[in-house]
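Order of the sequence lines sets the chain letters (A, B, ...), proteins ahead of strands, with each chain counted from 1. Since this is a predicted model, take the numbers as computed values, not measurements.
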Number of protein chains: 2
Amino acid sequence: MDFDPMGVATDLVILTVQGGSFEVLLIRRGIPPHRGRWALPGGFVRAGEGLEQTARRELAEETGVGSGDASSDAPRIHLEQVATYGEPGRDPRGRVISVAYLALVPDLPTPVAGSDAASASWIPVAEVLDDPGRLAFDHHRILTDAVERARAKLEYSPLATAFCADEFTVSELRGVYEAVWGIPLDPRNFHRKATRTEGFVVPLGATTTRDGGRPAQLFRRGSAETLHPPLTRG
Amino acid sequence: MDFDPMGVATDLVILTVQGGSFEVLLIRRGIPPHRGRWALPGGFVRAGEGLEQTARRELAEETGVGSGDASSDAPRIHLEQVATYGEPGRDPRGRVISVAYLALVPDLPTPVAGSDAASASWIPVAEVLDDPGRLAFDHHRILTDAVERARAKLEYSPLATAFCADEFTVSELRGVYEAVWGIPLDPRNFHRKATRTEGFVVPLGATTTRDGGRPAQLFRRGSAETLHPPLTRG
DNA sequence: CCAAAAGTGTTGCAATTACACCCATGG
DNA sequence: CCATGGGTGTAATTGCAACACTTTTGG
């Protein structure tokens with residue numbers, strides 16, 4: 001038996017935390033379908049290209065970072081697959097399957113508009129989630145799934161460090177948790193948990209006073225893949 | 001820009017627990033490529049068909065249950081998407097993207113060989129995981145990912161009930177956990193956790209002596225989607 | 001009666017929370 | 001000296017593992 005050929009695309013949920021706000025990168029579509037509407041950045045997988053490779057290419061096009069090329073010395077961006085969406089009729093161009101990826105980036109310079117985007121902007125996640133009609137295609141569902149994944153993974157993985165610069169303070173790390181989860185955390189207990197959890201963060205010895213008050217130690221992400229014990233919400 | 005057309009398939013990781021053994025349904029391929037080798041059941045997505053619909057169709061073909069048709073009164077089988085695999089070169093027939101699904105079924109009658117399968121058998125999961133060369137394509141990776149997902153979800157979701165018949169005892173439920181995790185659990189503490197966790201299981205009043213000894217209460221799965229608190233491994 | 005499996009009570013350790021308190025800087 | 005944020009100590013509580021013990025059947 002032969003197969004029915006289909007289009008395969010990747011869509012990206014690029015998340016960041018800026019000044020205590022949890023935001024997603026959206027584009028205003030410059031070409032049909034859904035021209036002029038907000039959507040997740042994405043594009044078709046090319047013939048010889050792997051799925052993650054496509055996602056990294058799109059990420060680089062939109063943000064200017066994270067291309068997986070050996071030639072690039074850009075910071076390593078966290079990128080993971082979330083799910084695949086393939087209902088017939090989800091794209092008016094024909095039968096298109098979309099593999100959604102979640103990317104977590106630190107505070108970045110202004111986003112760049114890609115080829116199919118009239119413009120690109122950081123928008124607060126909560127605002128978009130509260131308005132199911134805001135996004136084109138089935139992108140509201142994709143965003144919902146990706147954000148849920150991110151929120152869950154903060155608990156048991158060191159993923160939050162992906163939102164931070166190379167060097168960060170415990171407060172900055174806590175700010176990530178507070179922004180993503182949308183709840184305040186006790187700074188004193190958080191400090192203990194973050195620093196005592198094996199392999200989560202490693203102290204650099206240096207300090208900074210960029211947040212005012214007593215100088216804070218600087219840390220880099222550790223080597224742990226999972227957090228024991230996990231950080232809990234609430 | 002137009003897209004490069006590709007084949008889209010679903011592959012199924014169908015898991016069950018039989019007599020304390022955690023097993024996966026494999027087929028011996030009856031057609032090329034990889035004719036004669038073991039593989040996960042799967043097949044191409046048809047033109048007007050949704051991804052999950054394809055998975056349910058394949059599941060019904062292999063096991064005779066769980067088709068999503070309204071006409072079917074077969075039991076509802078747990079089916080969830082795991083991940084999508086799309087490296088160029090993973091399938092010699094051309095560029096094929098495969099969406100992997102995880103299905104959990106209760107102890108079932110003998111499996112049926114589908115159209116592309118010479119035969120189908122239940123094989124212990126541990127045995128297959130220990131032998132990376134056993135499966136065709138990249139199916140060892142898919143199985144690894146799916147089993148990891150299943151093991152993790154037992155902790156915080158009522159998924160284990162999907163391996164049980166409609167009515168089950170606490171011991172039978174514990175047997176599922178022990179088989180999937182591969183470790184023994186304290187029957188007394190497990191009983192408390194399972195029955196005290198809100199919405200996990202609901203007592204039916206009836207009892208059974210099918211396991212010997214004192215009669216055990218029968219339960220049905222509850223309505224909870226997540227377990228609070230979770231059941232922990234170790 | 002004994003064996004086997006179901007189910008309950010209790011105890012002690014470990015993790016977590018809530019918050020009092022001290023530290024180090026800038027203004 | 002005060003405000004601000006960084007960081008430590010500690011008591012009350014909760015959660016959980018370990019295991020003694022009781023219950024209800026079959027043989």
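Side-chain N/O atoms of B/Gln18 and B/Thr16 include no donor and acceptor closer than 3.5 Å. Using modelled atom types, one finds a donor on one side chain and an acceptor on the other under 3.5 Å when comparing B/Asp145 with B/Tyr85.
A close approach under 4.0 Å does occur between a side-chain nitrogen or oxygen of B/Thr232 and OP1 or OP2 of D/dA17. Considering only side-chain N and O atoms, B/Lys193 lies under 4.0 angstrom from the phosphate OP1 or OP2 of D/dA17. For D/dG6, neither phosphate oxygen OP1 nor OP2 lies less than 4.0 angstrom from any side-chain nitrogen or oxygen of A/His191.
Mapping A/Arg188 and B/Arg192 onto DNA chain D by nearest heavy atom places A/Arg188 at the nucleotide closer to the 5' end. Two residues, A/Gly212 and B/Asn189, neighbour DNA chain D, and the one matched to the more 5' nucleotide by heavy-atom proximity is A/Gly212. Sequence order on DNA chain C of the closest nucleotides to A/Asp186 and B/Phe219 puts B/Phe219 first from the 5' end. DNA chain C is contacted by both A/Pro215 and B/Arg174; B/Arg174 maps to the nucleotide lying nearer its 5′ end (nearest heavy atom per residue).
Atoms CD (A/Gln217) and C1' (D/dG7) sit 9 Å apart, rounded to a whole Å. Rounded to whole angstrom, the span from the CZ atom of B/Arg210 across to the C1' atom of D/dG26 amounts to 17 Å. Remark: P of D/dG6 and CZ of A/Phe190 are 12 Å apart, rounded to the nearest angstrom. In this structure, the CG atom of B/Leu185 is 14 Å from the P atom of D/dC16, given to the nearest Å.
Other residues, nucleotides and ligands contribute only 12 or fewer heavy atoms inside 6.0 Å of the CZ atom of B/Arg141.
Side chains of B/Asp211 and B/Glu172 form a contact here, defined as non-hydrogen atoms less than 4.5 Å apart. Side-chain contact between A/Leu129 and A/Val147 is present, with at least one heavy-atom pair separated by less than 4.5 Å. Using a 4.5 Å heavy-atom cutoff, the side chains of B/Phe163 and B/Val105 are not in contact.
Within the 3.5 Å criterion, the main-chain N or O of A/Leu159 finds no donor-acceptor partner in the side chain of A/His78.
Within 4.0 Å (heavy atoms only), B/Arg196 reaches no atom of the nucleic acid at all.
Taking every nucleotide of DNA chain C with any atom under 4.0 Å from a non-hydrogen atom of chain B, the first and last of them, 5' to 3', are C/dA4 to C/dT10.
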